[in-house]
Q: 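One structure, pasted below without further comment.
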4 protein chains.
Amino acid sequence: MPVPASDTGSPPKSNRVARRRDRKVADILAAASEVLAERGYHDTNLDEIAERIDLSKATLYHYFPSKETLVMACMEAVGTEVNGKLRAIAADRSVPARDRLIALIKYQLDTIVHRSPHMASLFRQPLDWPEAYRERIRELQREHYSIFRSVVREGVKNGEFHVDDEAAAIHNLYGGMNYVPVWLRPTRKKDFSQMSQAVVDSLLRLFMSPGAAT
Amino acid sequence: MPVPASDTGSPPKSNRVARRRDRKVADILAAASEVLAERGYHDTNLDEIAERIDLSKATLYHYFPSKETLVMACMEAVGTEVNGKLRAIAADRSVPARDRLIALIKYQLDTIVHRSPHMASLFRQPLDWPEAYRERIRELQREHYSIFRSVVREGVKNGEFHVDDEAAAIHNLYGGMNYVPVWLRPTRKKDFSQMSQAVVDSLLRLFMSPGAAT
Amino acid sequence: MPVPASDTGSPPKSNRVARRRDRKVADILAAASEVLAERGYHDTNLDEIAERIDLSKATLYHYFPSKETLVMACMEAVGTEVNGKLRAIAADRSVPARDRLIALIKYQLDTIVHRSPHMASLFRQPLDWPEAYRERIRELQREHYSIFRSVVREGVKNGEFHVDDEAAAIHNLYGGMNYVPVWLRPTRKKDFSQMSQAVVDSLLRLFMSPGAAT
Amino acid sequence: MPVPASDTGSPPKSNRVARRRDRKVADILAAASEVLAERGYHDTNLDEIAERIDLSKATLYHYFPSKETLVMACMEAVGTEVNGKLRAIAADRSVPARDRLIALIKYQLDTIVHRSPHMASLFRQPLDWPEAYRERIRELQREHYSIFRSVVREGVKNGEFHVDDEAAAIHNLYGGMNYVPVWLRPTRKKDFSQMSQAVVDSLLRLFMSPGAAT
DNA sequence: GATGAATGAGCCTTCATTCAT
DNA sequence: TATGAATGAAGGCTCATTCAT
């Protein structure tokens, strides 16, 4: 009674192995992101990541050739996921630009608050990384940025938005959206989610021409 | 004999000594701030600070009992200076709130860009420090924040500004003002100074009720 | 049924298996020798050897119980091969001792240069190995040495050679023959092959009584 | 009663400190050379060096910025000392070239045997070092080589020596002189010193035209 | 037999901090 | 006051070896 017809030599095994490996990689990435989010890049050490998933530090090197690579993988994961979600939101032209922008902002706020601002700050800090990584990060940032910009532009084009200086407006949008005073976070998560709507409303003013100041 | 009348005997010497010591402390603080601004907290080590002022690392410990203390002193210096300047601007009630707010924003933008965002990020990163320092930093931040808030409130009170949610508006003001993507800074200093006015104009919309959207 | 008469039942299979195993062992040995020759002992790791023959590192342990054993096997292979060839050359008494010595030297020079001096240096470096291996290496060296010595002795006996101190002469022969400044090798392969004849000629002087010095 | 005229401010202290430092550096160098000689480069670790002179490993970094630098310093020390001594021997033109060559060889033999062949092998192994160090090592080697060559040339010029191919002759001289089968060394130190004269005599044949072969 | 996974032990290096002078 | 010297603790990385599948 040999092997069922549906199964063939190595592929199945290879599949299983690959799946198992992928799961492990995902676990590591999750743990690493967690620690990274809690401690920031410099205070994150491989021992802690390893310990969280009950692995030896050396084993991490079975999956990632360096700390840098591991961290970069975390950023890649977060970056592509976030950009993907944002792109999906931005792409639905049946929704008014304003509403899409609101959705984008809310998603971003949620991401920042829940994934922790540390993760976000990884994208802004000039770590001494190999140029290849730097470039990839910039790429992810440009992508992220361009999603917001595209919706803003559509809004401007169809009269939903009015800006004097698009770059400045988006700069401020970015700042407001990503501003999370890390110090306060642990004790004020609730406040932030409550403030969420108010923050969004306020940010929208950046894209509306001001009325009379009385 | 330029000794203060109230002191006799050793105090005169003590005075000179104190002056000398204060100058040294100032030198150290300046060097430390410089390195901190250039490299960021984690890439700053005492050797480099000491070397810049031609001092031995061990000597630093005559003036500051720990790296934490030294860095904290830098933050204290910057924080009180900035807060002082801002307070002076905010205090002049002869100037319309709007103009004062503009001045505050511009000063803050300049500070961020010229003192380097690294210094600013020190105030946002959750270093693993003793609670006493953490509290002092929060205090400086609250002070800083309250200056902006006071001017905003005045503006609201006298009808210059209109906000739906003061906290949200100031949050966004803060974000926009402090947002400096560290990655891009070195190559885009010019852009930032050029953008300065546009950013200010855009931020002001946060405090003006939006007009008709078409 | 190509089974040897003496074996029955499982042995046939065992035979094939053994052959297969032997071939694999040979492959591994070849790869290991290659890496050893390229990188030297300390810069050779099992991963690289395994990779070259498209095998898992763990699999190496099916054939060799340790890195030491594997390296020793390489040395055994090289040692016995070289000693075998040399012995064959030395054994042909129809050839004058002098010509045989020349052939021996040339063969050794070729071996050093082509198999790389790294391989040769394995025989000279005092690796922290179990005494058993050390002893085996000494044995191979003694064997190697004795081949040269035997030809030299024959030459001395039949008047082809003249030496004052056989041991010293052979020592110097050895040194000259095995001396390959590793640093220079990659860029000077040509020089070495060109120098080959000159080196041999020079070495022969060790075995000829000097003429008048003026 | 202030300071004696002969003593001035910092220099004396600086002198003492420098002396103390120099002594320590010398101690470290000695210990490092010892370990290097016993174990070879790859099996030498900083812990052992530090331990031998009762220092913390971290302290070594007070004197040498890296393992490489420390090892290089050892080589520099040995290289310059040996070259210096050899140069002194070679320079005395009142002595026949032949006698000077004998002295050179004997000094080199002694050096190899007493400082251990490991030290010598450092000069021949292609460690993965920064090019700057590689170049310096080559320089020391060239210097060393040129000393022997210069004496040989003088000998050839004044008829003391006869060679067919100078390069080949020196190559063999080098090989014979530096050939010390490390494996055997610990047990045969005596043999080597006894053989010393015989080896020298044998090597001299490289520089004398062979007489009739009977 | 083959291999992915896991790891302990070890190594080089950094750095804030202490201390004797 | 000033500093050279010293160090413990920690961190990133490598590698031969083991083991379950």
Side-chain angles (χ1 to χ4, degrees), chain A residues 10 13-14 16-21 23-25 42-50 53-71, chain B residues 17 20-21 24 42-50 54-71, chain C residues 17 20-21 24 42-50 54-71, chain D residues 10 13-14 16-18 20-21 24-25 42-50 53-71:
Chain A
S10 57
K13 171 194 150 196
S14 188
R16 289 232 177 111
V17 170
R19 259 204 308 277
R20 201 199 290 279
R21 184 182 181 90
R23 206 179 315 143
K24 205 88 190 187
V25 165
H42 284 96
D43 290 329
T44 291
N45 57 34
L46 295 187
D47 284 289
E48 176 141 7
I49 295 174
I53 46 182
D54 232 59
L55 266 183
S56 155
K57 185 169 51 169
T59 304
L60 292 184
Y61 283 85
H62 198 63
Y63 297 93
F64 297 93
S66 72
K67 184 186 179 185
E68 273 174 5
T69 311
L70 173 52
V71 174
Chain B
V17 169
R20 196 197 293 273
R21 183 182 179 90
K24 207 92 186 186
H42 284 96
D43 291 332
T44 291
N45 55 35
L46 295 187
D47 285 285
E48 177 139 7
I49 295 173
D54 235 58
L55 254 176
S56 153
K57 183 169 54 168
T59 305
L60 292 183
Y61 282 84
H62 278 283
Y63 299 93
F64 297 94
S66 74
K67 185 187 179 185
E68 278 170 6
T69 312
L70 172 53
V71 174
Chain C
V17 169
R20 198 196 293 274
R21 183 180 180 91
K24 206 90 187 187
H42 284 97
D43 291 330
T44 292
N45 55 35
L46 296 187
D47 285 284
E48 177 138 6
I49 294 174
D54 235 58
L55 253 177
S56 152
K57 182 170 52 169
T59 305
L60 292 183
Y61 282 83
H62 277 284
Y63 299 93
F64 297 94
S66 73
K67 185 186 179 185
E68 278 170 6
T69 312
L70 172 53
V71 174
Chain D
S10 56
K13 171 193 150 199
S14 189
R16 289 233 177 110
V17 170
R20 199 199 290 282
R21 183 181 181 91
K24 203 89 189 186
V25 165
H42 285 96
D43 290 329
T44 291
N45 57 34
L46 297 187
D47 283 288
E48 176 141 5
I49 295 174
I53 46 182
D54 231 59
L55 266 184
S56 155
K57 186 170 46 169
T59 304
L60 292 183
Y61 284 85
H62 198 63
Y63 297 92
F64 297 94
S66 72
K67 184 186 178 184
E68 273 174 5
T69 311
L70 172 53
V71 174

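Chain identifiers are assigned alphabetically (A, B, ...) following the order of the sequence lines, protein sequences preceding nucleic acid strands; residue numbering begins at 1 within each chain.
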Q: Separation of D:Leu60 atom CG from E:dC15 atom P, in whole Å?
A: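 Computing the D:Leu60:CG to E:dC15:P distance gives 17 Å.
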Q: The side chain of B:Leu55 is closest to which nucleotide in this list: E:dC11, F:dT3, F:dT17?
A: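 So the nucleotide nearest the side chain must be F:dT3.
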Q: Is the shortest side-chain N/O distance from C:Ser56 to OP1 or OP2 of E:dA2 below 4.0 Å?
A: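 Answer no for this pair, as no side-chain N or O of C:Ser56 is under 4.0 Å from OP1 or OP2.
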Q: So what does C:Tyr61 touch, heavy atoms closer than 4.0 Å: a base, only the sugar-phosphate, or nothing?
A: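 Base: the residue C:Tyr61, judged by heavy atoms under 4.0 Å, touches a nucleobase.
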Q: When the nearest nucleotide of DNA chain F is assigned to A:Ser66 and to D:Lys24 on a heavy-atom basis, which residue is associated with the more 5' position?
A: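 Final value for this comparison: D:Lys24.
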Q: Using side-chain heavy atoms (C-beta onward) and a distance below 4.5 Å, is A:Thr44 in contact with A:Val71?
A: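 Side chain of A:Thr44 against side chain of A:Val71, heavy atoms only: no contact under 4.5 Å found.
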Q: Hey, does A:Lys24 have a side-chain heavy atom less than 4.5 Å from the side chain of A:Leu55?
A: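 SC-SC contact between A:Leu55 and A:Lys24 confirmed.
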Q: Would you mind reading off the distance between A:Ile49 atom CD1 and F:dC13 atom C1', rounded to a whole angstrom?
A: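 Rounded to whole Å, this separation is 14 Å.
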Q: So which of D:Ile49, D:Val25, D:Leu46 actually passes side chain to side chain contact (heavy atoms under 4.5 Å, CB included) with D:Phe64?
A: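 Exactly one pass, corresponding to D:Val25.
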Q: Between atom CG in B:Leu46 and atom C1' in E:dA16, what is the gap in whole Å?
A: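 Whole-Å distance recorded here is 6 Å.
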Q: What's the CZ-P distance between C:Arg20 and E:dG1, to the nearest Å?
A: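 The answer, rounded to whole Å, is 11 Å.
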Q: Measure from NE2 on B:His42 to C1' on E:dC15 and round the result to the nearest Å.
A: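 Taking NE2 of B:His42 and C1' of E:dC15, I get 13 Å after rounding.
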Q: Take the protein atom CD of A:Glu68 and the nucleotide atom C1' of F:dG12, then report the distance between them rounded to whole Å.
A: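 Roughly 11 Å, once rounded to whole Å.
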Q: What's the CZ-P distance between A:Arg16 and E:dA2, to the nearest Å?
A: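 Atom CZ in A:Arg16 sits about 22 Å away from atom P in E:dA2.
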Q: Please tell me if the side chains of A:Leu60 and A:Lys67 come closer than 4.5 Å, counting only heavy atoms from C-beta onward.
A: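 A side-chain contact is absent here, since even the closest heavy-atom pair is not under 4.5 Å.
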Q: For F:dA20, give its Watson-Crick or G-U wobble partner with both distances under 3.5 Å, or none.
A: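 Its partner is E:dT3.
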Q: Using a 4.5 Å cut-off on heavy atoms from C-beta on, say whether the side chain of C:Val17 contacts that of C:Arg20.
A: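 SC-SC contact between C:Arg20 and C:Val17 ruled out.
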Q: To the nearest Å, how far apart are B:Tyr63 OH and E:dT17 C1'?
A: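 Whole-Å distance recorded here is 18 Å.
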Q: By nearest heavy atom, map A:Ala58 and D:Ala58 onto DNA chain F; which one lands nearer the 5' end?
A: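 Here D:Ala58 is the residue nearer the 5' end.
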Q: So D:Phe64, base contact, sugar-phosphate only, or nothing? Heavy-atom distance under 4.0 Å.
A: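 Nothing, no heavy atom under 4.0 Å.
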Q: Between B:Lys67 and D:Lys67, name the one whose nearest nucleotide on DNA chain E is closer to the 5' end.
A: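 Residue closer to the 5' terminus by nearest nucleotide: D:Lys67.
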Q: Quick one: is E:dA5 close enough that its OP1 or OP2 comes under 4.0 Å of any side-chain N or O from A:Thr59?
A: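 No, A:Thr59 has no side-chain N/O under 4.0 Å of OP1/OP2 on E:dA5.
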Q: On DNA chain E, check which nucleotide each of B:Thr44 and A:Arg21 is closest to and give me the residue with the more 5' one.
A: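 Result: A:Arg21.
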Q: Is there, by distance only and without an angle test, a donor paired with an acceptor across the side chain of B:Lys57 and the base of E:dT17 below 3.5 Å?
A: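 Such a pair exists between side chain and base.
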Q: Does E:dA6 have OP1 or OP2 sitting under 4.0 Å from an N or O in the side chain of A:His62?
A: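 No, outside the criterion.
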